[in-house]
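Below: the structure, in structure tokens.
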Amino acid sequence: MKDSVKTSAKQILTNYLEHNNHRKTPERYAILDAVYSIKGHFTLEELGEKLLNESHFPVSRATLYNTIKLFMELRLIIRHRFQGTTKYEACFDNNSHCHQICTVCGKVTEVKSSVISKSIDELRLKRFRRDGFALYIYGVCSTCQAKITRRNSIEKKQKS
């Protein structure tokens with residue numbers, strides 16, 4: 001992630017903490033730095049492992065939960081609930097995008113579509129300020145489809 005985006009996110013956090021008389025703890029900033037250094041989606045477990053293994057900065061599960069909740073309120077991250085799992089991603093510079101989700105293996109891939117973005121931008125909403133969007137497209141990825149096709153082919157041969 002760009003350094004300017006990390007710097008802006010840190011400034012938002014600092015402003016909030018100072019304005020609300022909260023402590024500027026090293027844990028909050030370490031978690032923010034880790035979040036903005038992860039490319040794509042992550043679980044809380046993956047974030048905790050990154051903090052421990054790469055940053056050598058262990059934090060408790062409660063600290064992770066509370067800090068992630070704060071970051072969501074500040075709109076620094078967004079939570080996605082994909083098939084049976086909750087994942088997060090940094091969203092300060094990108095809060096509008098599409099995801100394709102394989103219903104077999106659960107793989108999530110981001111999709112860029114100017115047509116969809118333009119359509120959403122042109123959508124007239126009453127008494128509502130749109131900040132961004134997320135679109136989820138469910139289907140079967142090519143890897144899983146190939147496995148299914150091979151399995152079906154083998155089963156047909158065995159029946160013959």
Side-chain angles (χ1 to χ4, degrees), residues 1-6 9 27-28 30-160:
M1 182 130 336
K2 297 177 189 172
D3 285 337
S4 62
V5 173
K6 278 187 184 183
E27 290 84 1
R28 287 178 174 147
I31 293 170
L32 184 68
D33 191 51
V35 163
Y36 276 82
S37 66
I38 295 173
K39 186 176 177 173
H41 307 96
F42 60 90
T43 63
L44 282 179
E45 292 77 21
E46 291 166 343
L47 178 59
E49 288 174 16
K50 180 174 183 62
L51 285 162
L52 180 63
N53 298 332
E54 293 179 23
S55 304
H56 307 292
F57 201 104
V59 294
S60 71
R61 192 158 181 79
T63 298
L64 274 179
Y65 274 112
N66 293 332
T67 304
I68 290 297
K69 183 179 176 189
L70 171 64
F71 291 174
M72 285 191 305
E73 290 172 13
L74 295 176
R75 301 187 49 100
L76 296 174
I77 65 165
I78 189 167
R79 174 179 53 206
H80 299 284
R81 293 201 169 109
F82 299 129
Q83 293 185 241
T85 186
T86 300
K87 293 197 174 199
Y88 303 87
E89 75 178 312
C91 69
F92 177 71
D93 69 332
N94 182 22
N95 42 340
S96 298
H97 55 282
C98 307
H99 299 90
Q100 59 185 25
I101 304 163
C102 179
T103 55
V104 177
C105 69
K107 180 180 177 185
V108 178
T109 309
E110 288 195 20
V111 178
K112 303 277 187 203
S113 172
S114 58
V115 173
I116 292 172
S117 294
K118 185 178 179 198
S119 295
I120 297 290
D121 287 342
E122 292 173 353
L123 184 64
R124 299 248 186 247
L125 301 170
K126 294 182 181 180
R127 303 178 63 138
F128 187 78
R129 184 194 78 191
R130 176 183 46 245
D131 292 330
F133 73 88
L135 175 67
Y136 304 105
I137 304 168
Y138 295 94
V140 180
C141 71
S142 59
T143 304
C144 290
Q145 186 59 54
K147 288 178 186 175
I148 291 168
T149 302
R150 277 193 305 273
R151 187 179 66 229
N152 289 345
S153 174
I154 290 169
E155 287 174 2
K156 280 185 181 179
K157 287 180 182 178
Q158 289 175 348
K159 287 181 181 180
S160 303

Measure across [X] and [Y] and return the closest heavy-atom pair with its distance rounded to 0.1 Å.
| X | Y | value |
| --- | --- | --- |
| His41 | Ile38 | O-CG2, 4.4 Å |
| Gln145 | Val140 | N-CG1, 3.7 Å |
| Ala90 | Ile77 | CA-CG2, 4.2 Å |
| Phe133 | Leu135 | CD1-N, 4.2 Å |
| Glu89 | Gly40 | CB-O, 3.6 Å |
| Leu64 | Gly48 | CD1-CA, 3.8 Å |

Side-chain donor or acceptor of [X] paired with backbone N/O of [Y] under 3.5 Å:
| X | Y | value |
| --- | --- | --- |
| Arg130 | Asp121 | yes |
| Glu46 | Thr43 | yes |
| Arg28 | Thr63 | no |
| Arg75 | Cys91 | no |
| Thr85 | Phe82 | no |

(message) Aromatic contact between Phe71 and Tyr88, with the criterion being ring centroids under 6.0 Å apart: yes or no?
(response) no
Spacing of [atom1] belonging to [X] relative to [atom2] belonging to [Y], to within rounding of 0.5 Å:
| X | Y | atom1 | atom2 | answer |
| --- | --- | --- | --- | --- |
| Ser153 | Ile148 | OG | CD1 | 13.5 Å |
| Arg151 | Lys156 | CZ | NZ | 13.0 Å |
| Lys118 | Leu123 | NZ | CG | 14.0 Å |
| Leu51 | Glu49 | CG | CD | 10.5 Å |
| Thr86 | Arg79 | OG1 | CZ | 7.0 Å |
| Ser113 | Ile137 | OG | CD1 | 8.0 Å |

(request) Evaluate the side-chain contact (heavy atoms from CB on, under 4.5 Å) criterion for residues Val111 and His99: first the C-alpha distance (whole Å), next the side-chain angles of each, then the deciding distance (0.1 Å), finally the verdict. (result) CA-CA 6 Å; Val111 178; His99 299 90; over 6 Å; no
[X] versus [Y]: any side-chain heavy-atom pair under 4.5 Å?
| X | Y | value |
| --- | --- | --- |
| Phe42 | Val35 | yes |
| Tyr138 | Cys102 | no |
| Tyr36 | Leu76 | yes |
| Ile68 | Leu44 | yes |
| Cys141 | Gln100 | no |
| Lys50 | Ser37 | yes |
| Tyr65 | Arg61 | yes |
| Cys98 | Ile116 | yes |

(message) Could you go through Thr67 and Glu27, starting from their C-alpha distance and side-chain angles, then the distance that decides it, and tell me whether this counts as side-chain contact (heavy atoms from CB on, under 4.5 Å)?
(response) CA-CA 9 Å; Thr67 304; Glu27 290 84 1; 5.8 Å; no
(request) Inspect the contact between Glu45 and Lys87 and indicate whether a charged nitrogen and a carboxylate oxygen are less than 4.0 angstrom apart. (result)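 Result for this pair is no, no salt bridge flagged.
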